[in-house]
Each structure stands twice: as structure tokens, then as C-alpha cells.
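Single-structure report; data block below.
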There are 2 protein chains.
Amino acid sequence: MSRETLLPPLAAYVMQHGLADASLRPLAKAAGTSDRMLLYHFGNKDALVAALLEYLAGMFADALDTAFPLQRAPSRRACAKTVYDITGRPEFAPFLRVWWDIVAGCSNNNAAYFDAAGGIMDVLLDWVVDHLPEGDPDPQAGARAVMTVIEGAQMLRSVGRPDVGEAGLAALEG
Amino acid sequence: MSRETLLPPLAAYVMQHGLADASLRPLAKAAGTSDRMLLYHFGNKDALVAALLEYLAGMFADALDTAFPLQRAPSRRACAKTVYDITGRPEFAPFLRVWWDIVAGCSNNNAAYFDAAGGIMDVLLDWVVDHLPEGDPDPQAGARAVMTVIEGAQMLRSVGRPDVGEAGLAALEG
DNA sequence: AGCGCTTTGTAGCACTCGCTACAAGCGTCG
DNA sequence: CGACGCTTGTAGCGAGTGCTACAAAGCGCT
């Protein structure tokens, strides 16, 4: 048993139950150990969560690449719509649940969450840049515009107002 | 002492400490009572939270109207930028902290949070409709586009990537 | 005054939380 | 073999959780 062995089942548990109320004993049970051992391997809960966040960010990046490989979108709007649709698929729901826990943690000034969130956004931003149309006049600005609309639409979908976000997606120019 | 007397100090406490880890005893202390009395007046914690969410939604609507009265924006983009700037002011930070707790709660299938979030989004949507330029060709669609970008930009600001969201705001057409 | 109702205080329940003290098992190496 | 260090189990601590049992105030009513 090591961190590397422990992280996958721990991440699976978090994806199913959310990050906010993941406590040591249930986590340990999910990974087939005891809270005692989690603390032995990670030091304390904060370090565990930090390791978990990093691992989950990697999982998210992999999942994105698997779900939507190399091809470029025909337009900014199409790129945004594609990401929106992909992340709306059931297999992405656990990621979003964790994501909103992370965002909430950021607003409560949790440094680890803040770092993780920034990293995840950077990964997603790069990913969008690489999937923008070939001839986009300003891929950096384009990716930012696309990201903003995607995230807004995802949030609105999460709170039960998908129509609002989808109208926002449709209004994206380019 | 009644619900109406209790709610303001309770809401103040939640705005300062977040909704996620607000427990009965600290809440009661903030309101000058005991956990025993909170349960007496509200029945149980879920009902307390539901009442609190409703009260906070009202506070948010009032705060919006106070911060940005009746005038209309010259463009959709300006309208979005104004809301973004207003909600970036320090006095709105507590609302956003609570807001992300609510969104996270929605992703965890908490019905009370879901209802509150939907209501708040509807209020904000109506507010945006009323502040769009006079001659907007399609205020409903416009407000939705504006909302999507605002929320995306707010989220990106909350996780430490304000530049991304602001580029998104700048790319809003109209 | 005495009754009944609403409001309040004290104390406690059973539980979970993160974390730790202590010791037993374990394989490795001298 | 024995001693050592890495890994693990058991048990528990002190604090906090939502909630409840019980009783005592305060109040208006007849």
C-alpha cells in the first residue's frame, strides 16, 4: 500500500460522494484501509486532499482527451458547445460535483483548492486553444471567451437553468 | 424572539462564515440564543437553512438594486461588465461565497439549495432584462447571453483567473 | 389564585470528526 | 539469532454535530 495504490479508490469515492463531506473513515473504508493508515501515508487530511486534487485534475484532463480527441472545431461556438455537451454527459457529472466543491472552497480562501482550481482552468484553457478552428485570428482571446461561456453555461445547468446557458452558448460569435 | 428577529443576525453570520460549515451552536451564538431555540423556532436544521436561503435571496436582490438603480446600460457588453464590477466589490464577496456553497449544494442534489439557486437566477435574469439597452432586439435572449458570460466570469474570478473571464466579457457582442 | 400555553435553560444523547499513543507484526541486515 | 526500521491494528482523546428529555419560567385567561 502506498499513495499511488490508495489514490485511485480514494478519487473514486470522492467522485461519487463529493469532496466537501469526505471524511477519513469513509475514505479509508473505500480504499480498504483505516483512517490511521491514510494519515500515516499522507501526513494529515489537508495533504491527503491536496494529493487527491492533483490526482483528480489529471483524471479530468485524461477524460477530456478521451472524450474529444485531436480534431479541431469548425468555430468558437462549436468548440464551446462541444465541451458543454461532453461535460454534460453522465460520466462527467462526478467531475462537476467535485468542481463546484473546489470553487466553493476557493471562495472560503482554501489555498489548496485555489491552486488546484487554477491549475485545472489552465489545463482546460490550453485544451480549448488546441481545439479552436485552424484560422482563429486570436486563439488566446478566443479560448478565454469560449472558456467564460462554457463555465457560465455549466453553472447555469448545474442549478437547473440549462436554457439560459445554452442561449449564452448560441450567442457566442465566431 | 421570532424567526423574523433571528434571521438577520443568522444571515450575517452565514455571509461571514459561509453556508457549508454553519452549525447550530455558532449560529445561535451569533443570534444571541441557543441551538435549542433555533430548533424550537425552525423545527430542524434543514428548515432553518431553507428559511435562511430565502432571506439571503431577498438580501441579494435588495443589494443589487441599491448598488445599481434604474438606469439602463448602453450595450449588452456594458451591462454585463457593470454587473461583474458591482459583484466584484468587497461588499458582495460574502454573497458570492454563499452562492458557490449553494451551487455546490445543487450538484449534491440538495433540493432546498436547488430551489433557492433557481429563484436567485430568475431574479437576476429579470434584473438584467430591465437593465439592457432600450433598443435591444431580443431582451430575453440578450439577458441570457449576458447572464451566461457574467456567471462564467464570476466563477473564473473566484478561482483566481480574472483575466480569462474579463476577456470573455470583452468578447460579448452588442 | 390557578390553569394552560408558549417560550426558554440545562443537560445530555449517540454520533462523527481529525488525530495520536502504544504496541504488535514485518522483513532486512549485521 | 537479535536488533532495527517500516508498516499496520487497537483504542482512545477532545471537540463538535443535530437533536431531545425534562423542567422551569413567564404570560394571559377566567
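Just so you know, these numbers come straight off a predicted model, no measurement behind them. Quick note: numbers below take in every heavy atom, side chains included, and nothing from hydrogens, waters or symmetry partners. Per chain, numbering begins at 1; letters A, B, ... match sequence-line order.
- Going from atom CG of A/Asp126 over to atom CE of A/Met147 covers 9.5 Å, rounded to the nearest 0.5 Å.
- If you take CG of A/Leu24 and P of D/dG9, they are 15 Å apart, rounded to a whole angstrom.
- Using a 4.0 Å heavy-atom criterion, one finds that A/Leu39 contacts the bases of the nucleic acid, with or without backbone contacts as well.
- Per the geometry, CG belonging to A/Asp35 stands 14 Å off C1' belonging to C/dA21, to the nearest Å.
- Between the P atom of C/dT16 and the CG atom of A/Leu27 lies a distance of 15 Å, rounded to the nearest Å.
- The base of C/dG18 lies close enough to the side chain of A/Arg25 for a donor and an acceptor atom to sit less than 3.5 Å apart.
- Residue contacts shown for B/Asn44 are limited to sugar-phosphate atoms, with no base heavy atom under 4.0 Å away.
- If you measure from atom OH of A/Tyr40 to atom P of D/dT8, you get 7 Å, rounded to the nearest angstrom.
- Enclosure of atom CD in A/Glu166 by more than 12 non-hydrogen atoms of other residues, nucleotides or ligands within 6.0 angstrom is indicated.
- D/dG9 atom P lies 11 Å from atom CG of A/Leu38, rounded to whole Å.
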- prompt: Please walk me through it: do A/Arg97 and A/Asp101 pass salt bridge (Lys or Arg N to Asp or Glu O under 4.0 Å)?
  reply: CA-CA 7 Å; A/Arg97 156 194 265 123; A/Asp101 280 340; 5.9 Å; no
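- Relative ring orientation between B/Phe92 and B/Phe95 is described as tilted, the plane-to-plane angle lying within the 30° to 60° band.
- We find that NZ of B/Lys45 is positioned 16 Å from P of C/dT16, with the value rounded to whole Å.
- The CZ atom of A/Arg36 sits 13 Å away from the P atom of C/dC22 (whole-angstrom rounding).
- Listed candidates were D/dC19, C/dC17, C/dT8. Nearest to the side chain of A/Pro26 is C/dC17.
- In terms of modelled atom types and a separation under 3.5 Å, the side chain of B/Ser107 and the main chain of B/Ala104 share no donor-acceptor contact.
- OP1 and OP2 of D/dT7 both lie 4.0 Å or more from every side-chain N or O belonging to A/His41.
- The interatomic distance linking A/Phe42 (CZ) with C/dT20 (C1') rounds to 19 Å, in whole Å.
- Of the candidates C/dG9, D/dG18, C/dT6, C/dG9 carries the atom nearest the B/Met37 side chain, counting heavy atoms from C-beta on.
- Mapping A/Gly43 and A/Ser23 onto DNA chain C via the closest heavy atom, the residue that lands nearer the 5' end is A/Ser23.
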